[in-house]
Amino acid sequence: MLRASSILTNTDLQVEPEFEAGLDELLDACRQSLRSVDEDMIRRAFMLGYWAHRNDRRASGERFITHPIEVAVIVARDIGFDDISVVSALLHDTVEDTEFSLDLIREEFGDTVSNIVDGLTKIRGVSWNRELGQAENVRKLMLSMATDIRVILIKFADRLHNLRTIESLPKQKQLKIASETLDLFAPLAHRFGLNAIKAELEDISLKILHPEEYRDIVRSLRASKVERDGYVGRFIKPLRERLESDRFDFEMAGRSKNLYSIWRKMKRKDKPIEEIYDLLAIRIVLKSTGKKGKEDCWRVYSIVTDLYKPLPERFRDFISVPKSNGYQSLHTTVLGPTGRRVEVQIRTEEMHAIAERGVAAHWKYKEPVSDRDRGMEQFLVWVRDILENPNPEHATEFVKEFRLNLYDEEIYIFTPKGDLMTLPRDATPVDFAFQVHTEIGMHCIGAKVNGRMVPLSYKLQSGDQVEVITSKKQTPNPDWMKFVVTHKARSRIRHLINEKRRRSVDLGREMLEKKLDKAGLDVEEQKLRRAANLLKFPNAQQMFYEIGTGLFDAKDFVEFVRNESRGRKEEEEEFAEQEGLRLRYENFLDSAQVAARPALEIDGELHTDIVTRYAPCCNPIPGDDVFGYISRSDGIKIHRVNCRNAPSLLVNHPDRIVSVEWSRQKDVQFLSGLRVMGEDRVGMVSDITTVISKNLKTNIRSITVDSEDGVFEGTIVCSVTDLSHLRRLIERLKRVDGIHGVYRFEE
Ligand code: MN
């Protein structure tokens, strides 16, 4: 059996000088950053790693051992946790890639190292196996965190080195790794407070995903560098003098934001790089520690704002209230010489270490658990809690949390096969479907996101795996236009809808011509258009379309044309009925408002002199089916047959009932009330009044309008001659753009 001791004592093992140099660099980094270093253990791990990978090469062709060495250097320098993690980093790829076994590692370095290497081996799949779905990947990552936090810390270093050397991979793989880094690893690194690593992960990913924009930012920063440096120099000079005369021990330098943050800000604010003002930023790091350190930060703050006018709305105190990842600092933005904005960050060395290296740094600056650590501890408690109650919902929430730090403008979506697709923010499954193929977009009826059915309007999120469900019968729905965001989807849907519409228009015209033929009517084009207009269609095309799609019955048009030519006859009433108008025959008509007394035939005799009143419970108008009720003191009251009081009157007082009929006299005007509901749009009132007074020659008594939240509600009282007049009025009003309902007034 292969034994670690025999490998380590194998005298044939010759390490080339360049890798010896790598080991020296690593040991240097360890001595500088770690509290204590078992150099012998690191040497042994190095030798074992060297031996295990002796025949391996990277995609670039270079010797594989360069990778674990570099990862270990990052772990030592940028994370600085402990020597165990450095050893684990040196061995992190051995079990997966070589004949090396975990037993061998356990034998030589004990359980802790072998568990960490085991954890790293297990989460390797996370980066590639998209089939598992994002939530499952995240669960794996969390599992590794709970086993030993060092697993995930080393994973960050591994990912960073893989990104630094990503050039030799095929483009597709690069895109996948970069998007996944922005998706998961950068936000996670941020959560651990590993800001230096996070910034580099982001910048390299940006370079891969948006090479042009990346180059533009680099170029423009380079172009303005001399000028910016000069300005920062002028800004710093008086400040340095003040701080020195007050005997502060400090370091002060211009600070550059990472490129990805600049890029995001440009996108978010839709501004060119020149206008992202906190490009100018300086940082003051104080050497003092503990309570004095905090106090010194505030003293320096007061000196800075003494010299330069602060913008109060840009002040942040992360010392009293640290960020959840432990970050502490004072931030202020001041107006420098010539009024330029400069962001100033003030913190102690210790706070700075935590800002750069997060969770790991408190090992170096060990002190009682402070607020700073509490955030991280809560985070880990939360992680453990989720793991102890495995539930896919939680994993999804976890993913969501990380997404707070995602691209604002783009999301990365995976096909069921694991291929990557870039879509704009707020993209829906329909956008995705059209992106895959027009045919799929045209026929999509639903979608599964991460295995669950979602509505087509669902807003996708980075990392979602989307499966589109199609049906041959489905065709694009105009409603899709309300939520799709990609140009491709929009233009295809519009095109398909137009095509479908054209077919419906042709069909509608054909149907109408047939109906007119059958009715023996020959309607010339101009008359046809006029009639369509009278029916309140914006144009004849729209009418053909509505006929073609069954929204409007060609028969009704035929009837309308026939009636138009015969004038207003009673048939028009039928027409209105055929229209399917379900009018509620309540009428607004206060008896006191009746100006003229209409002629009524009572029991077959024409009377114009009998006192009649119109019952306020049903407000009849000529045309309604009515009966008379002889009241004790108020003359004859006219009720509609379908009045809610009719049954009781007819049953209880049959002796008081008289039959009445409207006489054919048309010179009498009745007041009638209408309620109109629709969209609150410009010109609504004038369109309504035009329809009423111009088209129908009706007098408007009053019109009151209420609009709220884009909803229009109007009450119109106007004079009508009879029921068919009122119905025609209702019919016309219904065709006004944006009107959804027209009803006879109910008290
Ligand atoms: Mn690796």
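One-based numbering, in listed order, for ligands and for the atoms of each. All values below were derived from every heavy atom in this structure, side-chain atoms included, with hydrogens, water molecules and symmetry-related copies excluded.
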Participant: Do the side-chain N and O atoms of N115 and T112 include a donor-acceptor pair separated by under 3.5 angstrom?
Facilitator: no
Participant: Relative to each other, are the rings of W263 and Y260 parallel, tilted or perpendicular (30° and 60° limits)?
Facilitator: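 It falls in the parallel class, under 30°.
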Participant: Using distance alone, with no hydrogens and no angle criterion, decide if R264 and N258 have a side-chain donor and acceptor under 3.5 Å apart.
Facilitator: no
Participant: So does R63 pair up with E16, basic N to acidic O under 4.0 Å?
Facilitator: yes
Participant: What are the protein N/O/S atoms, named by residue and atom, that sit under 2.8 Å from the Mn ion (ligand 1)?
Facilitator: H67 NE2, H92 NE2, D93 OD2, D158 OD1
Participant: Considering only NZ, NE, NH1 and NH2 on the basic side and carboxylate oxygens on the acidic side, decide whether D40 and R43 come within less than 4.0 Å.
Facilitator: no
Participant: Please determine whether the number of non-hydrogen atoms from other residues, nucleotides or ligands lying under 6.0 Å from atom NZ of K225 exceeds 12.
Facilitator: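 Not buried by this count: 12 neighbours or fewer within 6.0 Å.
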